[in-house]
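Written out below as structure tokens is the structure these notes cover.
All heavy atoms count here, side chains included; hydrogens, waters and symmetry mates do not. All values derive from a computational prediction rather than experimental measurement.
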Amino acid sequence: MGYSRSKLKSRTLLKVFLILFILLFVVGATILIIASVNTSTVVEHISKKANDVSDDVARNSKPIVIDNVVLGAVYDNEFVSTDKYENLSSNRINTEVDVYTKNGKSGTFKITNMTKKNSAIQALTSSINVVDEYIAIPKSDVNAMPIPPVEVEATDEDYRAVKEALGMYKILNNSINILSVHDISVNLSNTFKIICATSSNNTRGVYSVVIFTNSNRTNSKIIKYNYVKDKNNASYWPIYSFEFSADLNNDGNSEIIIREVSEFNVKYDILEYDNNNFIEVLSSTINLQN
């Protein structure tokens with residue numbers, strides 16, 4: 001006596017569910033094993049392309065500055081690493097830059113001083129505004145921040161988005177405390193919410209995370225995630241915060257800037273939207289111990 005079509009279909013679905021359950025179990029078990037062996041878990045996406053630009057691009061590059069810290073440089077839409085900029089470019093003092101605060105462009109100024117300090121290159125501009133946080137990029141006729149990011153109140157939907165993005169990492173710590181939510185526009189086709197969060201329960205270790213999600217909260221992904229089992233012995237564990245969103249390389253798409261603050265360091269990261277994810281392309285770290 002043969003199987004009916006409905007029985008064969010049920011049997012196939014059962015096999016599919018069994019395979020999915022096994023895969024989920026393996027992934028979950030792997031995360032638990034990693035967490036039990038390692039004191040920390042880091043998730044981030046980093047590109048090295050800024051190190052691989054030609055010497056000609058590096059020689060012509062001009063700096064990108066945030067709050068007096070040089071994050072790297074840019075020329076002809078290409079990002080240039082801090083090392084390549086420092087070693088090859090002569091565009092330093094008197095270089096004209098457009099300065100933006102979180103409300104938009106505040107004017108065009110010049111780099112007045114540039115020194116190496118606390119393991120980072122620090123630059124001053126001629127802007128008289130020394131209170132607001134700012135970014136400075138090479139002078140351009142194009143507005144790099146046509147739609148400034150807007151901080152909004154966190155909603156229940158935002159908490160659900162963080163939960164979705166954490167996925168299996170909820171096994172490590174599933175508590176959520178949202179620190180900030182920002183509406184940003186990468187371009188006319190891609191608008192997102194950038195959500196910074198951390199754990200609210202520290203008994204199972206602590207984490208800090210940045211995620212992005214679309215307006216419908218149907219696609220939520222981790223941008224950066226850092227978990228430690230013992231916060232008291234994790235001096236380099238960072239708290240993430242969103243700083244800016246602007247088109248830093250004049251290619252028509254906005255990048256985001258994330259700050260990572262730990263006990264001994266402050267790190268700034270520039271991330272660009274690529275292939276449905278945000279990839280770190282430039283960064284600079286200030287060592288607070290120096």
Side-chain angles (χ1 to χ4, degrees), residues 20-46 149-184 191-245 256-269 271 276-280 283 288:
L20 288 174
F21 174 78
I22 293 173
L23 288 174
L24 290 172
F25 176 80
V26 170
V27 172
T30 301
I31 291 176
L32 284 175
I33 291 171
I34 291 173
S36 64
V37 174
N38 299 324
T39 59
S40 65
T41 300
V42 178
V43 179
E44 56 188 0
H45 311 279
I46 299 176
V150 178
E151 185 169 1
V152 296
E153 292 292 328
T155 66
D156 290 341
E157 289 181 327
D158 295 323
Y159 277 90
R160 285 193 289 271
V162 174
K163 185 176 181 179
E164 176 192 337
L166 288 175
M168 284 296 182
Y169 294 104
K170 294 195 298 290
I171 295 173
L172 302 178
N173 188 321
N174 65 356
S175 63
I176 299 171
N177 175 40
I178 290 181
L179 304 177
S180 67
V181 182
H182 301 263
D183 286 332
I184 70 155
T191 59
F192 299 109
K193 287 185 180 294
I194 305 295
I195 304 175
C196 300
T198 187
S199 50
S200 58
N201 183 342
N202 298 339
T203 60
R204 295 171 55 192
V206 293
Y207 73 83
S208 182
V209 68
V210 184
I211 77 153
F212 73 98
T213 184
N214 57 12
S215 57
N216 297 325
R217 316 301 201 286
T218 57
N219 185 18
S220 304
K221 289 187 176 182
I222 289 175
I223 296 175
K224 282 181 175 285
Y225 173 88
N226 197 308
Y227 165 87
V228 291
K229 287 172 38 175
D230 183 4
K231 180 183 176 182
N232 294 326
N233 295 317
S235 57
Y236 290 97
W237 176 71
I239 294 288
Y240 299 123
S241 63
F242 171 87
E243 297 301 309
F244 288 99
S245 175
I256 63 174
I257 298 179
I258 300 297
R259 180 168 62 186
E260 308 180 24
V261 178
S262 61
E263 184 175 351
F264 300 127
N265 296 310
V266 176
K267 181 172 177 279
Y268 292 96
D269 311 312
L271 301 97
N276 198 30
N277 218 327
F278 281 93
I279 313 297
E280 182 181 311
S283 68
L288 302 178

Working to the nearest 0.5 Å, report the span between [atom1] of [X] and [atom2] of [Y].
| X | Y | atom1 | atom2 | result |
| --- | --- | --- | --- | --- |
| N277 | I223 | CG | CD1 | 7.5 Å |
| S199 | L172 | OG | CG | 10.5 Å |
| Y159 | I178 | OH | CD1 | 4.5 Å |
| S220 | I211 | OG | CD1 | 4.5 Å |
| N174 | Y169 | CG | OH | 15.5 Å |
| I195 | S180 | CD1 | OG | 9.0 Å |

Let me see the working for E153 and T155 under side-chain hydrogen bond (donor to acceptor under 3.5 Å, both in side chains), right down to the final yes or no. CA-CA 6 Å; E153 292 292 328; T155 66; over 6 Å; no
Kindly indicate whether the side chain of [X], heavy atoms from C-beta on, has any atom under 4.5 Å from the side chain of [Y].
| X | Y | result |
| --- | --- | --- |
| K221 | N219 | yes |
| K193 | R217 | yes |
| H45 | L271 | no |
| I194 | V210 | yes |
| Y236 | S40 | no |
| W237 | S208 | yes |

Any idea how Y207 and Y225 line up, ring-wise: parallel (<30°), tilted (30 to 60°), or perpendicular (>60°)?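 Ring orientation, 0 to 90° scale: parallel.
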Taking the side chain from N202 and the backbone from V206, do they hold a donor-acceptor pair closer than 3.5 Å?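 Not a single qualifying donor-acceptor pair exists.
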Would you say the side-chain atoms of N173 pair up with the backbone N or O of N201, donor to acceptor, closer than 3.5 Å?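 Present.
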Please find out if less than 6.0 Å separates the ring center of F278 from that of F212.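 Ring-ring flag for F278/F212: true, centres closer than 6.0 Å.
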Non-neighbouring partners of E260 that pass salt bridge (charged side-chain N to carboxylate O under 4.0 Å, His left out), sequence neighbours left out: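 Partners of E260 under the salt bridge (charged side-chain N to carboxylate O under 4.0 Å, His left out) test: K224, K267.
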Report the C-alpha separation of F242 and I258 in whole Å, then their side-chain angles, then the decisive distance to 0.1 Å, and conclude whether the side chain to side chain contact (heavy atoms under 4.5 Å, CB included) test is met. CA-CA 5 Å; F242 171 87; I258 300 297; 4.3 Å; yes
Listing request: all salt bridge (Lys or Arg N to Asp or Glu O under 4.0 Å) pairs with a residue in residues 194-214, at least two apart in sequence or in separate chains.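 Qualifying pairs, neighbours excluded: none.
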[X] versus [Y], closest heavy-atom pair with distance:
| X | Y | answer |
| --- | --- | --- |
| P149 | S245 | CD-O, 3.8 Å |
| I46 | I279 | C-CG2, 4.0 Å |
| S262 | S235 | CB-O, 3.5 Å |

Would you say that more than 12 heavy atoms from the other residues, nucleotides or ligands in this model lie under 6.0 Å from the NZ of K163, or not?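 Not buried by this count: 12 neighbours or fewer within 6.0 Å.
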